[in-house]
Amino acid sequence: MNIRHKRKEKEESVSTARELFQWVAAIVAAVLIALAIDNFVIVNAQIPSRSMENTIMTGDRVIGNRFAYSFSDPQRFDIIIFRYPDDERQLFIKRIIGLPGETVEIRDGKIYLNGSDEPLEDVQTKETMVGSFGPYTVPENSYFVMGDNRNDSKDSRYWTNTFVTKDEILGKAIFRYWPISEFKILE
């Protein structure tokens, strides 16, 4: 009887160790999959400032698509997540205004492209922009970007390295997921 009892205890111990190993393996696999998705498929970013208000608010969290520009180029008015050209350790999120080869000029708060007398039909912004800047000629494989809160945005107008290069772009912002009550597709 004693031998059976010891054998049963040994089997239970092996069964418990096997189950514990399976749980640890499942957790490790889940973490590795999440890291792979976060580093290769999506960009998960938190908004640190007011520069994109009222489109995206301070503290909001957004998801970006890392593959968005694999087979096409960024377009005007896309909201992009990128490495800040003056300090690539920081992630920024802004809207593309100027495309490669274009000249961007801001006169009396209105954006003009390539010397046009007609201002750019811009997106809805928090308030009317003030000031005059430029002209800026956008180099190849680069973009001129601005925040939607134009009067309170540290953007291409103020940087030492004025333009965002295509290789600094991590992805196109797709949707805001936090706070949950404010979920929306970004346009």
Side-chain angles (χ1 to χ4, degrees), residues 41-176 184-187:
V41 179
I42 65 168
V43 183
N44 183 4
Q46 182 171 5
I47 308 308
S49 71
R50 301 177 350 174
S51 71
M52 286 298 291
E53 290 181 358
N54 284 337
T55 306
I56 310 169
M57 306 303 281
T58 305
D60 286 357
R61 295 199 64 91
V62 299
I63 293 290
N65 176 0
R66 288 186 187 269
F67 295 120
Y69 304 121
S70 296
F71 304 106
S72 66
D73 289 326
Q75 301 296 306
R76 185 177 338 279
F77 303 128
D78 284 357
I79 299 172
I80 59 170
I81 302 167
F82 58 94
R83 296 197 182 285
Y84 173 41
D86 290 345
D87 180 359
E88 291 197 357
R89 294 171 297 175
Q90 296 182 56
L91 296 185
F92 272 34
I93 184 166
K94 305 283 183 208
R95 189 178 297 276
I96 293 175
I97 300 298
L99 301 173
E102 293 182 334
T103 299
V104 178
E105 185 173 7
I106 300 158
R107 296 188 308 252
D108 298 322
K110 292 186 172 60
I111 301 169
Y112 297 88
L113 298 177
N114 302 320
S116 173
D117 291 330
E118 292 296 315
L120 177 68
E121 287 197 30
D122 202 1
V123 297
Q124 182 74 30
T125 58
K126 182 175 181 177
E127 58 192 15
T128 303
M129 181 173 44
V130 295
S132 296
F133 303 88
Y136 308 95
T137 300
V138 184
E140 288 302 311
N141 294 314
S142 298
Y143 301 87
F144 185 89
V145 300
M146 298 174 74
D148 286 358
N149 187 358
R150 303 279 160 79
N151 294 322
D152 193 13
S153 177
K154 183 179 179 183
D155 54 37
S156 285
R157 296 171 289 172
Y158 302 104
W159 300 337
T160 301
N161 298 300
T162 306
F163 307 102
V164 176
T165 60
K166 189 169 181 183
D167 65 341
E168 291 169 325
I169 298 173
L170 298 177
K172 178 180 179 180
I174 303 171
F175 61 88
R176 172 177 60 194
K184 80 171 188 177
I185 303 296
L186 298 173
E187 298 181 62

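Computation of the quantities below employed the complete heavy-atom set of this structure, encompassing side-chain atoms and omitting hydrogens, waters and symmetry-equivalent molecules. Numbers here simply count residues along the sequence, with the first being 1.
Between the side chain of R66 and the backbone N or O of I42, at least one donor-acceptor pair lies under 3.5 Å. Checked by atom type and distance alone, the side chain of S156 pairs as donor or acceptor with a backbone atom of V145 at under 3.5 Å.
Applying the salt bridge (Lys or Arg N to Asp or Glu O under 4.0 Å) test to R61 and every residue at least two apart in sequence or in another chain returns nothing. Residues satisfying the ring-ring contact (aromatic ring centres under 6.0 Å, His included) criterion with F71, sequence neighbours excluded, are absent altogether.
In this structure, the side chains of V164 and W159 come closer than 4.5 Å at one or more pairs of heavy atoms. The closest side-chain heavy-atom distance from Y158 to D86 is not below 4.5 Å. For the pair Y143/P74, a side-chain contact is recorded, criterion being any heavy-atom separation below 4.5 Å from C-beta on. Counting heavy atoms from C-beta outward, D148 and N54 have side chains that stay 4.5 Å or more apart. In this structure, M57 and I47 have side chains that are not in contact, with every pair of non-hydrogen atoms separated by 4.5 Å or more. Annotation: side chain of F175 is in contact with side chain of I185 (closest heavy-atom distance under 4.5 Å). With a 4.5 Å cut-off on side-chain heavy atoms, T162 and V138 do not count as touching.
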Side-chain polar contacts of residues 87-94 - donor-acceptor pairs under 3.5 angstrom, sequence neighbours left out - could you list them?
{"from": "D87", "atom 1": "OD1", "to": "R89", "atom 2": "N", "distance (Å)": "3.2"}
{"from": "D87", "atom 1": "OD1", "to": "R89", "atom 2": "NE", "distance (Å)": "2.9"}
{"from": "D87", "atom 1": "OD1", "to": "R89", "atom 2": "NH2", "distance (Å)": "3.3"}
{"from": "D87", "atom 1": "OD2", "to": "R89", "atom 2": "NH2", "distance (Å)": "3.1"}
{"from": "D87", "atom 1": "OD2", "to": "Q90", "atom 2": "NE2", "distance (Å)": "3.0"}
{"from": "K94", "atom 1": "NZ", "to": "S51", "atom 2": "OG", "distance (Å)": "2.8"}
{"from": "K94", "atom 1": "NZ", "to": "S153", "atom 2": "OG", "distance (Å)": "3.3"}
{"from": "K94", "atom 1": "NZ", "to": "K154", "atom 2": "O", "distance (Å)": "3.2"}

Pair up each side-chain donor or acceptor in residues 106-114 with any protein partner under 3.5 Å, not counting sequence neighbours, and list the distances.
{"from": "R107", "atom 1": "NH1", "to": "E105", "atom 2": "OE1", "distance (Å)": "3.4"}
{"from": "N114", "atom 1": "OD1", "to": "T103", "atom 2": "N", "distance (Å)": "2.8"}

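Sorted by first and then second residue, the salt bridge (Lys or Arg N to Asp or Glu O under 4.0 Å) pairs involving residues 157-173 (not counting sequence neighbours) are D73-K166, D78-K172, D155-R157. Counting only residues at least two apart or in different chains, salt bridge (Lys or Arg N to Asp or Glu O under 4.0 Å) contacts with residues 48-58 comprise R50-D152, E53-K126.
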*Criterion side chain to side chain contact (heavy atoms under 4.5 Å, CB included) on V43 and I63, from CA distance to verdict*: CA-CA 6 Å; V43 183; I63 293 290; over 6 Å; no
_One pair to check against side chain to side chain contact (heavy atoms under 4.5 Å, CB included): I97 and R150. What are the steps and the verdict?_
CA-CA 12 Å; I97 300 298; R150 303 279 160 79; 3.6 Å; yes
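In this structure, Q46 CD and D60 CG are separated by 9.0 Å, a value rounded to the nearest 0.5 Å. A distance of 11.5 Å separates CD1 in I174 from CD1 in I79, rounded to the nearest 0.5 Å.
Between P48 and T58, the shortest heavy-atom distance links the atoms O-CG2, 3.9 Å. For the residue pair M52 and M146, the shortest heavy atom distance occurs at SD-O, 4.4 Å.
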